[in-house]
S.K.: 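Here's a structure for you.
This structure is a prediction, so every number in the text was calculated from the model and none was measured. The sequence lines fix the lettering, A, B, ..., with proteins before strands; numbering per chain opens at 1.
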There are 2 protein chains.
Amino acid sequence: MTVTEAAAERLVRIGEVARGAGVSVRAVRYYEQQGLLIAERSPSGQRLYRQDAIPLVRFFQQMFAAGLTSRRITELLPCWDSGHTDAEQRAMLRAERDRIQAKVDDLQAALDRLDEVIAITDTHP
Amino acid sequence: MTVTEAAAERLVRIGEVARGAGVSVRAVRYYEQQGLLIAERSPSGQRLYRQDAIPLVRFFQQMFAAGLTSRRITELLPCWDSGHTDAEQRAMLRAERDRIQAKVDDLQAALDRLDEVIAITDTHP
DNA sequence: CTAAAACCTGACGTTGACGTCAGAGGCAAG
DNA sequence: CTTGCCTCTGACGTCAACGTCAGGTTTTAG
């Protein structure tokens, strides 16, 4: 089943997406504004989402937590949607991977320093 | 020799501290404004730092990278200076440690997802 | 039918660690 | 002495992902 084909699925409103993904309604609107998430509209103008919008929003959160910007995510979304990538996208993917790995290393180093202090302060109360 | 205490050492100006620690002059002034770094003053008002200000600034950078705020760092500085801590400080240390650990886990999960996509896009060029 | 709950579109506010600019001194070299 | 670099104090600007408020429409529960 492709994206455009999308048989008659149960469509949900923004509140259900927000609750389901654990974010605010404002956040979901923001994602649309940034081009991350496209919603159908009801005749009265309310946003209607397919159910897979919920794991998608969770995924956005994960990428945000990893330090990607919404712009970068939009640039990389086709990699997930179609599985097809050009050279530039593959380069971005690796760049982000490397950046995140470096961040993990930094955090681990900070963690070690904190643990060191904790060990000292625990033996010197 | 603790961090704050020190004998008559060669004092350096802000530019040398900034270059030595790999940050901007503005950043060093900001740290003073936030109460992280205290500087002597020359008769003309220029900031004079002891040389151990340089590793200290590096340490601040490391903590910033780990997501601590300048306020939190000021609250925890005594743990490094004196080695003495009260219950509240030990609780903060552990809270930060746990937060960083959780962040590492999140980053690792994001990393795995990216690697997954990279592997796919590499086999489907 | 009505009231509450949910949704809409702007649009301004928040946070943290600085960047940047303006205007005014200070300091060693030639 | 003056040139050029360094430093000073404000003070406003930046960026990203939302929070929040205002004022209005829509959907739903009873």
S.K.: May I ask you to verify if any side-chain N or O of S24(B) is less than 4.0 angstrom from the OP1 or OP2 atom of dG19(C)?
M.R.: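 Yes.
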S.K.: Select base, sugar-phosphate, or nothing to describe what I73(B) touches, counting heavy atoms under 4.0 Å on all strands.
M.R.: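 If one applies the 4.0 Å heavy-atom cut-off, I73(B) turns out to touch nothing in the nucleic acid.
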S.K.: For Y31(A) and F64(A), I'd like to know if the aromatic rings sit close, meaning centre-to-centre distance below 6.0 Å.
M.R.: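 That pair passes the under 6.0 Å test.
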S.K.: Would you kindly give the CD-to-C1' distance between E32(B) and dC18(C), to the nearest whole Å?
M.R.: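 Distance, rounded to whole Å: 15 Å.
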S.K.: May I have the distance from Q34(A) (atom CD) to dC18(D) (atom P), rounded to whole angstrom?
M.R.: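 Between P of dC18(D) and CD of Q34(A): 10 Å.
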S.K.: Out of dC18(C), dC18(D), dC8(D), which nucleotide sits closest to the side chain of I14(B)?
M.R.: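 Selected nucleotide (nearest to the side chain): dC8(D).
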S.K.: Give me the atom names and distance for the closest heavy-atom approach of Q34(A) to T74(A).
M.R.: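 That would be O-CG2, 3.4 Å.
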S.K.: Could you tell me whether R99(B) atom CZ has more than 12 heavy atoms of other residues or ligands within 6.0 Å of it?
M.R.: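 Result for CZ/R99(B): enclosed.
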S.K.: Between R72(B) and E75(B), is the closest basic N to carboxylate O distance under 4.0 Å?
M.R.: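 Counted as a salt bridge, because a side-chain N and a carboxylate O are separated by less than 4.0 Å.
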S.K.: Can you confirm whether F60(B) sits close enough to L68(B) that some side-chain heavy atom of one is under 4.5 Å from a side-chain heavy atom of the other?
M.R.: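 Sidechains of L68(B) and F60(B): no contact.
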S.K.: Can you measure R26(B) atom CZ to dG10(D) atom C1' for me and round it to whole angstrom units?
M.R.: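 Taking CZ of R26(B) and C1' of dG10(D), I get 10 Å after rounding.
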S.K.: Hey, does the side chain of Y30(B) come within less than 4.0 Å of dA17(C)'s phosphate (OP1/OP2), counting only N and O?
M.R.: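 Yes, because at least one side-chain N or O of Y30(B) sits under 4.0 Å from OP1 or OP2 of dA17(C).
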S.K.: When you match R71(A) and R29(B) each to their closest nucleotide on DNA chain D, which lands nearer the 5' end?
M.R.: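 Counting from the 5' end, the first nearest nucleotide belongs to R29(B).
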S.K.: Which part of the nucleic acid, if any, lies within contact of R13(B), taking any heavy atom under 4.0 Å across all strands shown: a base, the sugar-phosphate backbone alone, or nothing?
M.R.: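 Here R13(B) touches the backbone only, sparing every base.
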S.K.: Does a nitrogen or oxygen in the side chain of Y31(A) sit under 4.0 Å from OP1 or OP2 of dC18(D)?
M.R.: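 Yes, because at least one side-chain N or O of Y31(A) sits under 4.0 Å from OP1 or OP2 of dC18(D).
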S.K.: By a strict heavy-atom criterion of less than 4.0 Å, which residues belonging to residues 35-47 of chain A are in contact with DNA chain D?
M.R.: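 Close to the strand are S44(A), Q46(A).
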S.K.: Is the shortest side-chain N to carboxylate O distance from R47(B) to E32(B) below 4.0 Å?
M.R.: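 E32(B) and R47(B): salt-bridged.
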S.K.: I want to check one thing: is the phosphate of dA11(D), taken as OP1 and OP2, less than 4.0 Å away from some side-chain N or O of Q33(B)?
M.R.: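 False: Q33(B) side-chain N/O out of range (4.0 Å or more) of dA11(D) OP1/OP2.
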